[in-house]
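First the structure, in the form of structure tokens, and then the observations on it.
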Amino acid sequence: MRLSPGGAPPRQGSITHVLGARPNFVKAAPVIKALADLGVEQRVVHTGQHYDERMSDIFFVQLGLPKPDVNLGVGSGSHATQTAEVMVGLEREFSENSPALLMLYGDVNSTVAAALAAAKLQVPLAHVEAGLRSFDNTMPEEINRRITDQLCDLLFVTSPEALGHLAREGRPADSMHLVGNPMIDTLVANLDKFDAVAAAAAYRLDGPYVVATLHRPANVDAPEVAAELVQALHQVAAELAVIIPLHPRGRATLTRAGLLDSPRVNVVDPLGYIEFMSLVRGAAAIVTDSGGVQEETTLLRVPCLTLRPNTERPITITSGSNQLVTRAQLAPAVLAAVAAGPYAGELPPLWDGHAGERIARITTAWLDADV
Ligand code: UD1
Ligand code: UDP
């Protein structure tokens, strides 16, 4: 599929993007656009890891992503099932449409599965968001990140410390490129669509409010942990209204743990990107365990309290407004962060809205040099 009719002449070979889950869509949009602007032939494969309209289709519409050429329809399952089904589907895809390069995003199961399937077929690989490390192998994403980075030829880095992680893991210096952050590109490109006043009015939030997002297995899978988390959120809600666009993963456990029992906690379905970022933009603080939200709040300078013992995005703490907190610390930490107000310091290097263009330029030069 040619994405830029009438653009520059076609390049040697095509690039296939593998997208599977919500954060992939937000990261891929600026890269696909920048490659299209350079006249690159592209194909989009959706693995189907996320499939609800609110977890998938709405992002394609709002972010102007091209409709996937194919959807593997893998759906939900255990880690092994999901990973294996993506691998089998992609092996079939590559036998019919072998790309000059496969572009991968982030750290979800679809990402590592695609890396494994492609590497065994000698398909060259690029990884956007390479080198992030939490050093916590209880997170499935940490395993996905390490394996993916071992297999990739081009490593696109969003944050300087990732270069050191990749070097220590033996990755060659000429494979690594500090390019900035495509998730921030998407934020910058859509900034004028984020209407905080309209978003607050839509949910009848007439004073300061907190937005919470929670979906990590370590927070939402075990009933006893979920119960403590709900208690901590109710403590926050005693001071400030809380709105939670709830990921499907946590819905049953958090509901059974009593999440809906406070009238000041507004639980809603997952939101489209524009609606979500509009709410975040106007929030007094964010409570999250998301990776992407830690970065978005850094750019928007909204205080962010991350309910995790570690983060693969430490730059959001040193050059942003993020803090790691325990459930017990949450309520006082939210109040202190709200009182302290927006972060006013330096932002991470190259988080300027142009990462997609850098990735596109480096990728096309690499492909041209390779023919
Ligand atoms: C996945 C990623 C995680 C990422 C998150 C972003 C892995 C290992 N995890 O977690 O890194 O932060 O996406 O949102 O890849 N479900 C639905 N509808 C959907 C998708 C999922 O109801 O459209 C439910 C199903 O019950 C499913 C559960 O959510 O079993 C978990 O989905 P899954 O894709 O396995 O992992 P996430 O928790 O979404
Ligand atoms: N997001 C959204 N609506 C929501 C929650 C999240 O549009 O209700 C966006 C937001 O930009 C976030 C991205 O989806 O950064 C990925 O979020 P998620 O927390 O699912 O994934 P993670 O970054 O933790 O892997």
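All ligand and atom numbering here is 1-based and tracks the order in the structure.
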I'd like the atom pairs linking ligand 2 to the protein - N or O on both sides, separation under 3.5 Å - with distances to 0.1 Å.
unit_1	atom_1	unit_2	atom_2	d
ligand 2	3 (N)	Leu271	O	2.7
ligand 2	8 (O)	Leu271	N	3.0
ligand 2	11 (O)	Glu296	OE1	3.3
ligand 2	11 (O)	Glu296	OE2	2.6
ligand 2	15 (O)	Glu296	OE1	2.8
ligand 2	15 (O)	Glu296	OE2	3.1
ligand 2	19 (O)	Ser290	OG	2.8
ligand 2	20 (O)	Arg22	NE	2.9
ligand 2	20 (O)	Arg22	NH2	2.8
ligand 2	23 (O)	Ser290	OG	3.4
ligand 2	23 (O)	Gly291	N	3.4
ligand 2	23 (O)	Gly292	N	2.7
ligand 2	24 (O)	His215	NE2	3.4
ligand 2	24 (O)	Arg216	NH2	2.7
ligand 2	24 (O)	Ser290	OG	3.4
ligand 2	24 (O)	Gly291	N	2.8

Inset, instruction - Answer whether the closest heavy-atom distance between the side chains of Glu296 and Val280 falls below 4.5 Å. - result: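 Result no, sub-4.5 Å side-chain heavy-atom pair not found.
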
Legend entry - Any His247 side-chain heavy atom under 4.5 Å of Arg22 side chain: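 Yes - at least one pair of side-chain heavy atoms lies under 4.5 Å apart.
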
Legend entry - Residue that, paired with Leu104, satisfies side-chain contact (heavy atoms from CB on, under 4.5 Å) out of Thr148, Thr16, Leu19: Thr148

Scan side-chain atoms only and decide if [X] and [Y] contain a donor-acceptor pair under the 3.5 Å cut-off.
{"X": "Glu295", "Y": "Asn181", "value": "yes"}
{"X": "Tyr51", "Y": "Ser76", "value": "yes"}
{"X": "Glu161", "Y": "Ser159", "value": "yes"}

Legend entry - Residues in side chain to side chain donor-acceptor pair (under 3.5 Å) contact with Thr111, at least two apart in sequence or another chain: none

Legend entry - For Asn310, all residues meeting side chain to side chain donor-acceptor pair (under 3.5 Å), sequence neighbours excluded: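 If we apply the side chain to side chain donor-acceptor pair (under 3.5 Å) test to Asn310, skipping adjacent residues, the hits are Asp136, Arg308.
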
Contacts table for ligand 1: protein N or O within a distance under 3.5 Å of ligand N or O, distances only.
unit_1	atom_1	unit_2	atom_2	d
ligand 1	11 (O)	Glu141	OE2	2.5
ligand 1	12 (O)	His215	NE2	2.8
ligand 1	12 (O)	Arg216	NH1	3.4
ligand 1	13 (O)	His50	NE2	3.3
ligand 1	14 (O)	His247	NE2	3.0
ligand 1	15 (O)	Gln49	NE2	2.9
ligand 1	15 (O)	Asn109	N	2.8
ligand 1	18 (N)	Tyr51	OH	3.4
ligand 1	18 (N)	Asp52	OD2	2.9
ligand 1	23 (O)	Tyr51	N	2.9
ligand 1	23 (O)	Asp52	N	2.9
ligand 1	34 (O)	Gln49	NE2	3.1
ligand 1	34 (O)	His50	NE2	3.4
ligand 1	38 (O)	Arg249	NH1	2.9
ligand 1	39 (O)	His50	NE2	2.8
ligand 1	39 (O)	His247	NE2	3.2

Legend entry - Atom of Phe135, atom of Glu142 and distance for their closest heavy-atom approach: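 Smallest interatomic distance, heavy atoms only, reads N-OE2, 3.0 Å.
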
